[in-house]
Protein chains: 2
Amino acid sequence: MKKEITIYDIAANVGLSPTTVSRALSNHPRVHVNTRKKILDAAKLLGYQSNIFASSLRKRRSKSIGVIVPKLNSPFQSSVLAGMEKIASQSGYNLVISQSMESLEKEISNTNIMYNSRVDGLLVSKAGTTDNIEHFQSFFNKEIPVLFFDRVPENNHCTGVVINNTQAIYDATAHLIKEGCKRIVHVLGNLQINVYADRLKGYKYALMDHGFVFNAENVISNELDEDLGERIVKKILKLNPRPDGLLVSNDTSAASCLMALKKRGIQVPKDIAIVGFNNDLISRMVEPNLSTINYPSYHMGEVAMKNLINHLGDEQQEILQKTNTITLRSELIIRDSSKRSSYT
Amino acid sequence: MKKEITIYDIAANVGLSPTTVSRALSNHPRVHVNTRKKILDAAKLLGYQSNIFASSLRKRRSKSIGVIVPKLNSPFQSSVLAGMEKIASQSGYNLVISQSMESLEKEISNTNIMYNSRVDGLLVSKAGTTDNIEHFQSFFNKEIPVLFFDRVPENNHCTGVVINNTQAIYDATAHLIKEGCKRIVHVLGNLQINVYADRLKGYKYALMDHGFVFNAENVISNELDEDLGERIVKKILKLNPRPDGLLVSNDTSAASCLMALKKRGIQVPKDIAIVGFNNDLISRMVEPNLSTINYPSYHMGEVAMKNLINHLGDEQQEILQKTNTITLRSELIIRDSSKRSSYT
DNA sequence: ATGAAAGCGCTAACAA
DNA sequence: TTGTTAGCGCTTTCAT
């Protein structure tokens with residue numbers, strides 16, 4: 001490995017002190033314009049590259065933000081990440097990204113690595129099995145801001161960027177009821193996750209408000225993956241009376257249910273109406289197009305990152321502590337998969 | 001911010017030198033078992049966290065890998081990243097990720113940031129407009145390994161992890177010909193990118209080998225996005241004779257073409273057969289299911305990361321330099337969107 | 001506007 | 001097996 005060019009080399013080259021070079025390089029105001037120019041020129045000439053380790057060691061800041069997501073390869077998360085990256089890079093922050101694979105154990109390990117990596121702030125969408133936030137304690141102790149997004153822990157003082165999941169599913173349920181559905185099955189993920197717990201609430205409230213009786217048989221909590229469709233459809237076809245409405249907590253799974261239904265000759269929305277969640281691309285590509293909840297994922301990434309970065313400067317993170325929740329707008333998008341009115 | 005606990009604190013606590021503490025902490029063999037235990041206990045007790053800046057400054061290694069992709073929010077890239085993250089985290093490496101947004105300018109900027117961040121290695125899938133690799137020169141000079149994946153630069157000595165794009169499209173084209181297609185339109189991305197240039201070759205070769213005449217009108221180079229379908233379908237419907245085969249370089253765009261065709265009452269595969277690329281989820285969710293090329297994206301991430309990390313130890317990167325290309329297996333998956341035989 | 005000196009926390013020679 | 005010493009490259013008082 002070649003020798004590093006340091007500010008000492010530049011200093012020697014231009015006949016000034018390392019201090020002045022350092023100041024010039026970091027745009028300190030108290031450096032004469034000509035001096036700065038001379039130094040910058042020399043730096044370029046010598047091929048100088050600042051050593052961020054030395055700088056970070058000294059300044060105790062890394063100019064990097066950690067992000068922990070459950071899974072990297074999901075349309076939702078990758079879109080959030082894209083939004084985050086945009087803002088971070090605009091502000092000169094690096095993104096250190098890791099995935100918890102829905103495992104609390106790995107989330108803890110990731111968190112520790114992030115802590116050791118001295119990220120200036122942490123953005124987390126928690127794993128399904130995470131039911132406490134002890135492992136972030138080291139961040140809290142050192143007052144390194146931690147901000148949750150989408151999947152936020154319950155009952156705590158952390159800021160979270162979320163959508164109103166309860167309202168979203170309330171609207172979806174009410175919509176299905178209005179379309180004449182009599183038995184609506186709700187398929188969702190791990191109920192330990194706020195996202196799904198809230199949606200279940202919205203579902204219940206909507207039933208209640210429309211004079212329906214809640215029936216636990218109509219709620220299926222499951223791993224939301226691509227193969228969900230077959231499993232779910234088998235299950236719901238055994239129910240009596242047969243459900244005529246299906247509320248699935250993500251579009252991929254909803255699409256998969258749609259496939260499984262069509263395969264059996266069950267017509268959507270005539271026999272069963274479907275509403276998905278997220279407004280992923282796939283919701284516009286299947287037939288019939290899926291009604292869904294528009295989830296502003298890219299925007300969520302931007303907002304979360306912006307809020308985190310805005311508060312990095314503050315010595316005391318009061319504002320971030322006090323802004324407990326930022327709720328983004330989401331809305332029901334009605335497409336053909338749930339338009340039953342014409343058939344009834 | 002609270003005071004840091006350092007190895008000096010531990011040393012003082014257990015009555016040993018910082019050196020021994022450092023050795024114990026990094027599992028150096030020449031430390032007595034009891035000593036190590038005492039040190040580890042004290043470290044835990046005091047809440048010690050190693051300072052990677054100091055360590056990296058001293059060791060001149062960051063234990064982090066940079067990844068630059070064109071876009072974070074693509075099913076393909078996020079799957080590659082997931083594979084990379086898995087391997088990296090297993091080996092104790094952090095992932096610093098940024099996106100070039102298909103802009104050479106941003107790619108250069110990202111590259112410089114990665115260089116300044118002192119990543120131990122760099123993984124790149126290049127932007128569409130990148131036609132040289134000068135901006136990686138600083139990495140080459142310092143012998144920091146750079147490995148390209150999927151979109152690799154032409155004519156250079158860098159290692160790349162790729163699939164055989166030429167063969168893949170050759171097979172797809174041959175398949176369409178066998179299914180009786182007489183006029184096959186090939187829709188692909190920016191031809192400056194090896195991926196698409198190679199595919200065009202495969203298309204031409206296949207035509208040639210089957211006695212077809214290549215016609216430039218049948219090649220459409222375009223931005224491959226979700227809205228592609230309408231644009232493409234309008235174009236091809238103007239062609240005379242009307243094409244009966246469509247080869248689209250990613251599944252999202254292929255699905256979008258499929259939608260646009262169906263909207264106009266054109267039947268797939270009877271009137272026009274379609275083959276996509278990537279084997280994204282969406283290819284299995286549209287109707288008819290899309291024939292496509294299975295692209296082992298997750299695996300590509302794993303392989304690329306493994307190869308990079310394997311060669312980080314080596315002082316001289318000879319092996320990496322000499323292994324010029326790693327080609328992963330890809331294969332044609334035939335589904336309903338291209339099964340025309342029964343109609344002819 | 002510029003400089004001298006100290007030190008961030010760690011590790012690697014070298015010595016014992 | 002353990003310790004001494006020096007220094008990685010930078011920034012930040014404090015002085016001039």
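Side-chain atoms are counted along with the backbone in the values below, which use heavy atoms only and exclude waters and symmetry mates. In what follows, every chain begins at residue 1, and chains take the letters A, B, ... in the order their sequences are listed.
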Starting at the 5' end of nucleotides 10-15 of chain C, put B wherever the base has a protein heavy atom under 4.0 Å, S where only the sugar-phosphate does, and a dash everywhere else.
-> BBB---
Identify whether any heavy atom of Thr35(A) sits under 4.0 Å from a base atom; if not, whether one sits that close to sugar-phosphate; answer base, sugar-phosphate or nothing.
->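 It contacts sugar-phosphate atoms only.
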Check the distance between [N]'s [atom2] and [X]'s [atom1] and give it to me in whole angstrom.
X	N	atom1	atom2	answer
Arg61(A)	dT11(D)	CZ	C1'	12 Å
Phe53(A)	dG7(C)	CZ	P	24 Å
His32(A)	dT2(C)	NE2	P	7 Å
Arg30(A)	dA1(C)	CZ	P	7 Å
Ile39(B)	dT1(D)	CD1	C1'	11 Å
Arg60(B)	dG7(D)	CZ	P	13 Å

Phosphate contact (dG3(D) OP1 or OP2) by Ser17(B) side-chain N/O below 4.0 Å |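 Ser17(B) to dG3(D) OP1/OP2: side-chain N or O found under 4.0 Å.
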Residue of the set Ile144(A), Leu312(A), Asn94(A) for which side-chain contact (heavy atoms from CB on, under 4.5 Å) holds with Asp120(A) |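 That would be Leu312(A); it is the only one of Ile144(A), Leu312(A), Asn94(A) passing the side-chain contact (heavy atoms from CB on, under 4.5 Å) with Asp120(A).
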Just distance, no hydrogens or angles: give the donor-acceptor pairs under 3.5 Å from side chains in residues 69-80 of chain A, sequence neighbours left out.
{"residue": "Ser74(A)", "atom": "OG", "partner": "Phe76(A)", "partner atom": "N", "Å": "3.3"}
{"residue": "Ser74(A)", "atom": "OG", "partner": "Gln77(A)", "partner atom": "N", "Å": "2.9"}
{"residue": "Ser78(A)", "atom": "OG", "partner": "Ser74(A)", "partner atom": "O", "Å": "3.1"}
{"residue": "Ser78(A)", "atom": "OG", "partner": "Pro75(A)", "partner atom": "O", "Å": "3.3"}
{"residue": "Ser79(A)", "atom": "OG", "partner": "Ser297(A)", "partner atom": "OG", "Å": "2.8"}
{"residue": "Ser79(A)", "atom": "OG", "partner": "Tyr298(A)", "partner atom": "N", "Å": "3.3"}

Side-chain donor-acceptor pair under 3.5 Å between Ser62(B) and Ser64(B), yes or no?
->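 Side-chain D/A pair, Ser62(B) to Ser64(B): present.
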Please set out all donor-acceptor pairs under 3.5 angstrom arising from side-chain atoms of residues 36-48 of chain B, sequence neighbours excluded.
{"residue": "Arg36(B)", "atom": "NH2", "partner": "His28(B)", "partner atom": "O", "Å": "3.3"}
{"residue": "Lys37(B)", "atom": "NZ", "partner": "Asp41(B)", "partner atom": "OD2", "Å": "2.8"}

How far does CZ of Arg23(A) sit from NE2 of His32(A), to the nearest 0.5 angstrom?
->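 Those atoms lie 14.5 Å apart.
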Of Pro29(B) and Arg118(B), whose closest DNA chain D nucleotide lies nearer the 5' terminus?
->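 By nearest-heavy-atom nucleotide position, the 5'-most residue is Pro29(B).
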Within the distance-only criterion (no hydrogens, no angle test), does the side chain of Asp150(B) pair as donor or acceptor with the backbone N or O of Ser125(B) below 3.5 angstrom?
->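 No, because the side chain of Asp150(B) does not come within donor-acceptor range (under 3.5 Å) of the backbone of Ser125(B).
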